[in-house]
Student: 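Got a structure here, written out as structure tokens. Questions coming.
Heavy atoms only: backbone and side chains are in, while hydrogens, waters and symmetry mates are out.
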Amino acid sequence: MNINVIYSVTALGILLSLCSMLFIFPGKSIAGTDNRPQTIRYGNLELKTNSVLGVLTASLVTAVLPLVLQFILVRGGDNPLPFGSVTAEMTCNALKGKYKLYTEYDFIKVADIKATVRNGTWDAATCEKGTEEGSFVLKGFDTSTHEIEIIINNRFEHVATQVTNYSSEVFIDRQGNLIRRTLHYPDQLPRVGPTQISLGERGLIDKEDYIKKKLDHYVKIRDRTHAGLKTKICIPAIAQNNGLTLLSFLCHDYTRAMIKHH
């Protein structure tokens with residue numbers, strides 16, 4: 001739960017305690033000195049109690065309110081939900097939204113070619129019923145920007161950028177647990193190739209033919225990797241911190257971590 005919410009609810013509980021004391025203490029005995037009942041009148045309302053019981057009641061409200069609020073918040077977000085068990089539909093709707101990449105990762109790393117994802121987004125926009133009873137599927141659209149590096153003169157040099165678009169689905173069981181994530185890369189050809197950066201400013205103009213050859217090799221590796229990922233699943237994991245939702249997907253050879261925009 002967001003710490004600011006806890007502070008606000010606790011302050012409300014303290015205010016309730018102070019109000020109770022204002023009703024009980026003026027002209028009455030100090031709390032705990034006797035057990036005689038006291039009468040609290042407000043308009044036509046009349047309540048008989050004693051000081052100790054009144055203060056304890058206000059203290060109980062102070063303690064219980066944050067816990068009650070925690071139960072009506074869905075795990076993974078600040079969307080209010082009714083009391084009761086968390087369902088797949090509740091979890092799915094709570095996770096809908098726009099995400100951005102939280103940490104970079106290497107999508108491709110072979111002997112002399114590396115493609116690092118430094119920027120990425122996920123627009124999780126649609127919840128649909130799953131094939132299993134009570135299950136739901138969260139469907140989204142992903143983008144990943146690959147910074148392609150190859151070894152030149154014994155060190156990796158950034159030579160091109162590739163933006164990849166694809167769709168994904170997160171499966172949620174009837175208890176609201178995240179089960180798996182699958183990826184769907186487009187099959188249509190031709191695909192947009194990598195965008196080569198200016199080589200003249202980097203002093204690499206004499207390496208242009210070599211770089212083009214390596215970029216062609218990158219495209220083959222990329223297509224082969226995408227084809228393989230269509231038949232593999234990613235394992236999802238969720239965490240919350242100070243009201244932020246972090247989703248991690250443990251995929252084949254890499255982990256993609258996304259954080260939700262609020």
Side-chain angles (χ1 to χ4, degrees), residues 1-3 5-6 9 64-103 105 107 117 120-144 164-188 222-262:
M1 183 190 298
N2 192 310
I3 190 65
V5 175
I6 296 177
V9 175
V64 168
L65 271 178
L67 183 61
V68 171
L69 190 57
Q70 178 73 56
F71 272 109
I72 64 174
L73 293 178
V74 121
R75 8 167 238 183
D78 290 332
N79 297 343
L81 295 171
F83 287 100
S85 301
V86 175
T87 66
E89 185 175 9
M90 291 176 181
T91 300
C92 191
N93 286 322
L95 292 178
K96 282 198 304 185
K98 297 182 182 297
Y99 294 75
K100 64 179 180 180
L101 191 69
Y102 185 63
T103 56
Y105 60 92
F107 183 73
V117 179
T121 62
W122 181 39
D123 185 5
T126 307
C127 286
E128 297 182 2
K129 290 184 178 181
T131 55
E132 299 176 5
E133 183 180 357
S135 66
F136 262 75
V137 180
L138 175 59
K139 295 186 175 183
F141 183 79
D142 295 73
T143 65
S144 294
T164 303
N165 300 314
Y166 53 98
S167 58
S168 61
E169 297 179 347
V170 176
F171 293 83
I172 307 168
D173 70 12
R174 61 187 303 172
Q175 286 80 32
N177 300 311
L178 308 185
I179 302 302
R180 63 188 181 276
R181 180 182 193 241
T182 59
L183 309 177
H184 306 277
Y185 292 92
D187 292 322
Q188 65 270 20
R222 180 204 64 190
D223 292 347
R224 187 166 61 246
T225 303
H226 287 175
L229 288 173
K230 289 181 180 180
T231 61
K232 295 180 174 67
I233 65 172
C234 302
I235 306 301
I238 186 170
Q240 298 87 33
N241 184 26
N242 288 333
L244 298 177
T245 300
L246 177 66
L247 278 175
S248 297
F249 303 108
L250 284 67
C251 304
H252 182 66
D253 291 338
Y254 68 91
T255 296
R256 182 174 172 90
M258 312 294 291
I259 193 166
K260 187 178 183 180
H261 288 279
H262 287 284

Student: Listed by chain and number, what are the ring pair (Phe, Tyr, Trp, His ring centres under 6.0 Å) partners of Y254, not counting sequence neighbours?
Tutor: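 In terms of ring pair (Phe, Tyr, Trp, His ring centres under 6.0 Å), with neighbours along the sequence ignored, Y254 is linked to Y105, F107.
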Student: Please name the residue in the list I172, L138, V137 that meets the side-chain contact (heavy atoms from CB on, under 4.5 Å) test with C127.
Tutor: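 Answer after filtering I172, L138, V137: L138.
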Student: For K96, is there any backbone N or O sitting under 3.5 Å from a side-chain donor or acceptor partner on K260?
Tutor: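 Looks like yes, one N/O pair under 3.5 Å.
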Student: Yes or no on side chain to side chain contact (heavy atoms under 4.5 Å, CB included) for L246 and M258, after CA distance, side-chain angles and deciding distance?
Tutor: CA-CA 6 Å; L246 177 66; M258 312 294 291; 5.9 Å; no
Student: If you round to the nearest 0.5 Å, how far is CG of D123 from OG of S168?
Tutor: 10.0 Å
Student: For the residue pair S144 and Y166, confirm or rule out a side-chain donor-acceptor distance under 3.5 Å.
Tutor: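 Side chains of S144 and Y166: pair found under 3.5 Å.
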Student: Out of L101, T143, T164, T103, which one pairs with V117 under the side-chain contact (heavy atoms from CB on, under 4.5 Å) rule?
Tutor: L101
Student: Heavy atoms, side chains only, cut-off 4.5 Å: are T121 and K98 in contact?
Tutor: no
Student: Supply the atom-to-atom distance K129 NZ to E89 CD, rounded to the nearest 0.5 angstrom.
Tutor: 7.5 Å
Student: Report yes or no: is the cationic atom of R256 (NZ for Lys, CZ for Arg) closer than 6.0 Å to the six-membered ring centre of F249, at no more than 45° off its axis?
Tutor: no
Student: Over all heavy atoms of both residues, which pair between C234 and P236 is shortest? Give the atoms and the distance, please.
Tutor: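 The answer is O-CD, 3.4 Å.
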Student: Rounded to the nearest 0.5 Å, what's the gap from CG on D173 to OG on S135? Could you check?
Tutor: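 So the gap between those two atoms works out to 8.0 Å.
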Student: If you measure from OG1 on T245 to OH on Y99, what distance do you get to the nearest 0.5 Å?
Tutor: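 With rounding to 0.5 Å, OG1 (T245) is 5.5 Å from OH (Y99).
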Student: Check whether any side-chain N or O of K230 sits under 3.5 Å from a backbone N or O of Y185 as a donor-acceptor pair, and report yes or no.
Tutor: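 Judged by distance alone, yes, a pair lies under 3.5 Å.
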Student: Using a strict 4.0 Å threshold on nitrogen-to-oxygen distance, state whether K139 and E128 make a salt bridge.
Tutor: yes
Student: Evaluate the criterion salt bridge (charged side-chain N to carboxylate O under 4.0 Å, His left out) for residue pair D142 and R181; output intermediate values, then yes/no.
Tutor: CA-CA 12 Å; D142 295 73; R181 180 182 193 241; 2.6 Å; yes
Student: Does the T91 side chain pair with the main chain of T87, one donor and one acceptor, at a distance under 3.5 Å?
Tutor: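 Side chain of T91 to backbone of T87, a donor-acceptor pair under 3.5 Å: yes, one is there.
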Student: Kindly indicate, with the supporting measurements, whether the criterion side chain to side chain contact (heavy atoms under 4.5 Å, CB included) is fulfilled by V170 and L247.
Tutor: CA-CA 11 Å; V170 176; L247 278 175; over 6 Å; no
Student: In Å and rounded to the nearest 0.5 Å, what is the OG to CG distance from S248 to L178?
Tutor: 11.0 Å
Student: Supply the atom-to-atom distance T182 OG1 to L229 CG, rounded to the nearest 0.5 angstrom.
Tutor: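 T182 atom OG1 to L229 atom CG measures 11.0 Å (nearest 0.5 Å).
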Student: Using a 4.5 Å cut-off on heavy atoms from C-beta on, say whether the side chain of L95 contacts that of I238.
Tutor: yes
